[in-house]
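Side chains are part of it too, since the values below use all heavy atoms of this structure and drop only hydrogens, waters and symmetry mates.
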Amino acid sequence: MTPRPSSSGPESSGPDPKKTAEEKSAARQPAPPQKAAAEKAAEKQATTKKAAAKQATGKKAVAGRTSAEKKGAAKKGAAARKAPAAQQTAAGKKAVAKKGPAGSTAARDTARTAAVPEPADSPSSPSSPSPDAVDRERLLAGTHHDPHAVLGAHRVPGGVVFRALRPGARAVTVLSGELRTGLHDDGDGFFSGLVPLGEVPAYRLLVTYEETVQEVEDPYRFLPTLGDLDLHLIGEGRHEQLWQALGAHPTTREGVAGTRFAVWAPNARGVRVAGGFNFWDGTGHPMRSLGGTGVWELFLPGVGAGELYKFEITRPDGSRTFRADPLARRTEVPPATSSVVHTSDYTWGDDAWLARRAEAPAHEAPMSVYEVHLASWRPGLTYRQLAEQLPAYVADLGFTHVELMPVAEHPFGGSWGYQVTGFYAPTARLGEPDDFRYLVDRLHQAGIGVLMDWVPAHFPRDDWALAEFDGRPLYEHSDPLRAAHPDWGTLEFDFGRREVRNFLVANAVYWCEEFHIDGLRVDAVASMLYLDYSREPGQWTPNEHGGRENLDAVAFLQEMNATVYRRVPGVVTVAEESTAWDGVTRATHHEGPSGFGGLGFGLKWNMGWMHDSLAYMSHEPVHRKYHHGEMTFSMVYAYSENYVLPISHDEVVHGKKSLVSKMPGDWWQQRASERAYLGFMWAHPGKQLLFMGQEFAQGAEWSEARGPDWWLLDPQYGAAADHRGVLDLVRDLNTVYRATPALWQRDTHPSGFAWVVGDAAEDNVLAFLRLGADGTPLLAVSNFAPVVRPDYRLGVPDDVPAWHEVLNTDAARYGGSDVGHPDPVKPEPQGWHGRPASIRLTLPPLATVWLRPA
């Protein structure tokens, strides 16, 4: 688990916990004027002594900080003396911003470790202008659950009491119409005063600092910004638009512009907002706890889009930590880690796309997917620059969809996005959220669907993000054996906690609704489904039935899929699931042999087909006859799920070689084998996915730092024609595929496929028919031997008068030997392979040929 900073500091100086309720009540009663004045003087003297003692203790704590922390603290202290710790007017903000350490990442991102005393629970006297000692201590320590009950304006006997906490201020004045009342300086940044008014007026605060004067709104005069329905849904774990309730949202309250902040931190003793607007000192901006939901909330006037912020959380052990907002919709550019207040003003132009995307379910429609790592596809391009190049490239090649490797914010680029810290924020490396919207919009306008990798299985341990967010396991499981992911050094989500499920389910909806994403490819599903995944005996605990299934994860995936499909018609969810789990793409309400309902995904990656077929292709052709079953076994289970055939980034990194480099033989044979393999893949039942760079036979493995080797296509490069030949083949595969319903219409139904010959192991030949809904066939024949096979007889239906070759991976334009059939091939009445007619073909070497009725 993430280590907690050690706690140091004074013990609580609060009142005696043995004090009776009667004594507490008496202490809250207003005193006679003379006595009150004497008590006030004594209290001020005691407060001054306490402040001095605290200052000495603070110096001891600072002495133990690192040099970077000392430097940041010194800058922050200087800024607090020179500028307001609260919201600033536009003119004042511009003048003061130059003096503050808003760009000091080290200062604002270092978790504070000074211990906070545990005070007795004694509210302020409502009629006392200055807050009592307990409230003062709790507010200064960041452990007050209801600062609005102390700060702001409150009716009391004798008038209205005003209280403000403005660290670094020299004076605070209340302004209301003609009223101008200076508040008493109570020390430690507290100011208070009793004004003989009958009602709480509309007012502002005039705050005087050493070098500036600011007229500001008081955040503690506003009612909560979250309603009962929001809180009820959050408590139930069913707020399907959670991002609209939690996080930071620019808004207007009572005619005042500002930002409302809300965060779920049920174990916190207190939460404060810190940011560039208060020089990363949250002392003056404590949040209030909204009942038993664990939500903390605060509206800050004058704070708008673009401001940096974090939550300063006081943990149960008294230490403090700065945390990025789990629902931040925008972040700083890594390695900086602050959240950014964001509002979108993007106007979409993809209405026509959205209107037609639900016309047919994904498994009954053409789908060929180009997988892209945005940051390295064309290194250095922003979202908007990518939008000018990527749609045109993908459309030219004929792919129906792109699949984006994880876009959500992640601190380490080398994780390729699979270790997420900002689940609601597109990575800032490539631009702002609206820039990402623009990229999706342009892809849609080019007729290209957008799938996105989504990572709900785990998250990294960064101590500014989700790990032990409020001081205890919150997003991760409380059992260390369940929390620690054994493979990646990360933490697994606690799928059994309803608020955590809500965080993830709403996140899936968020990407589809807010960014018009057409589908989510869910990463590492197998690691979620099994309690013993990558764990040895003794490292996991069986479920309540004694099995190894993670019932919480099953329920989460079912809820996520059901919610997304209900809320966003036309989207598809895709599971990267590498086992034989029953019912991955079965409806959630249909129970299978295992006793579970289906997981509810639309499609599943066929990892078995990928491993088997690549293993076959890696063998020398002379040895392939001994592995023939690796190419046919997939049809044994082809209709158990709705499948995608993936040649993804995972297969072309970490020493696995690129697709063309997996092929044996010389350079000609390698390219021919890749072309034959792609022809076989596009004809096989299932949707296709190809990772960038493989479409032009890149020889090197993919590197996120380098991206695809585009120079291979440069006409000045001597072998460019070889690579362009493969690129042309991919374009033609997609063109014929999309125009041929037999290749996609019945992908998930046995009636859409029939073997012609599946046992010609000695010949390294495979032949099968694909059939459309109306019975129109396409004949696919693959010869994985490096020899020409003339007059190769194949059985065919007798109701097709002639067959026309529509694609041949050995064509000269692709770099092949150009053995083919320019003229229609007529069947003969001789039965073969159990069929009434047959045709004789000349099979090109290391090639796949497609024929359909002439």
Side-chain angles (χ1 to χ4, degrees), residues 30 33 36-37 40 83-93 95-96 123-132 135-136 139 144 146-225 250-260 273 277-278 283-288 297-304:
K40 187 174 183 181
Q87 305 85 344
Q88 306 161 5
T89 63
K93 187 184 298 180
V96 174
S124 296
S125 169
S127 60
S128 173
S130 60
D132 69 16
D135 281 323
R136 287 173 64 98
L139 286 167
H144 208 297
D146 191 10
H148 292 71
V150 181
L151 304 177
H154 302 271
R155 289 183 59 188
V156 298
V160 175
V161 63
F162 293 87
R163 301 191 191 97
L165 176 55
R166 296 281 164 167
R170 292 193 165 190
V172 176
T173 301
V174 174
L175 306 178
S176 178
E178 298 296 322
L179 176 68
R180 187 183 182 93
T181 301
L183 300 183
H184 182 265
D185 185 348
D186 298 324
D188 292 332
F190 287 97
F191 297 83
S192 65
L194 180 62
V195 182
L197 297 172
E199 299 289 340
V200 175
Y203 69 94
R204 292 169 65 84
L205 299 177
L206 189 70
V207 186
T208 302
Y209 295 92
E210 183 176 344
E211 295 184 358
T212 186
V213 176
Q214 298 282 315
E215 184 176 331
V216 297
E217 296 285 349
D218 185 0
Y220 296 95
R221 75 175 183 85
F222 295 93
L223 294 172
T225 56
T251 186
T252 299
R253 302 283 294 176
E254 301 177 22
V256 177
T259 296
R260 61 178 177 88
V273 182
F277 44 82
N278 60 16
T283 304
H285 291 141
M287 306 176 75
R288 62 178 146 205
E297 176 270 348
L298 180 65
F299 173 71
L300 288 185
V303 175

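- Atoms CZ and OG1, from F299 and T252 in turn, are 7.0 Å apart once rounded to the nearest 0.5 Å.
- Here the CG atom belonging to L298 is positioned 10.5 Å from the CZ atom belonging to F222, to the nearest 0.5 angstrom.
- Residues satisfying the side chain to side chain donor-acceptor pair (under 3.5 Å) criterion with Y203, sequence neighbours excluded, are D218.
- Between R180 and L206 there is a side-chain heavy-atom pair separated by less than 4.5 Å.
- With hydrogens and angles ignored, the 3.5 Å screen pairs no side-chain donor or acceptor of E217 with any backbone N or O of G302.
- Atoms CZ and OH, on R170 and Y209 in that order, are 12.5 Å from each other to the nearest 0.5 Å.
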(request) Report the C-alpha distance between V256 and R221 in whole Å, list the side-chain angles of each, state the deciding distance to 0.1 Å, and finish with yes or no for side chain to side chain contact (heavy atoms under 4.5 Å, CB included). (result) CA-CA 11 Å; V256 177; R221 75 175 183 85; 3.6 Å; yes
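- A side-chain donor-acceptor contact under 3.5 Å links S176 to the backbone of A202.
- In summary, of the residues considered (V195, V200, L205, V172), a side-chain contact (heavy atoms from CB on, under 4.5 Å) with F162 occurs for V195 alone.
- In terms of heavy atoms, T259 sits closest to P250 at OG1-CA, 3.8 Å.
- At least one side-chain heavy atom of L197 sits under 4.5 Å from a side-chain heavy atom of L179.
- The two residues F190 and P131 make their nearest non-hydrogen contact at CD2-CG, 3.7 Å.
- In this structure, the side chains of V174 and P201 stay at 4.5 Å or more apart for every pair of heavy atoms.
- Between the CG atom in L223 and the NE2 atom in H148 there is a gap of 9.0 Å [rounded to 0.5 Å].
- A distance of 11.0 Å separates CG of L165 from NE2 of H144, quoted to the nearest 0.5 Å.
- In this structure, R155 contributes its side chain and E199 its backbone to no donor-acceptor pair below 3.5 Å.
- The two residues G159 and L194 have their closest heavy-atom pair at C-CD1, 4.1 Å.
- P147 and R288 get closest at one heavy-atom pair: CD-CA, 3.8 Å.
- Tested against T225 for a side-chain hydrogen bond (donor to acceptor under 3.5 Å, both in side chains), the candidates R253, E297, R260 yield a single pass: E297.
- At a threshold of 4.5 Å between non-hydrogen side-chain atoms, the residues L151 and L139 count as touching.
- When every heavy atom of P129 is checked against every heavy atom of V161, the shortest pair comes out as CA-CG2, 3.2 Å.
- Here R136 contributes atom CZ and D188 contributes atom CG; the two are 5.0 Å apart, rounded to the nearest 0.5 Å.
- Taking T173 as the reference, nothing meets the side chain to side chain donor-acceptor pair (under 3.5 Å) condition, with sequence neighbours excluded.
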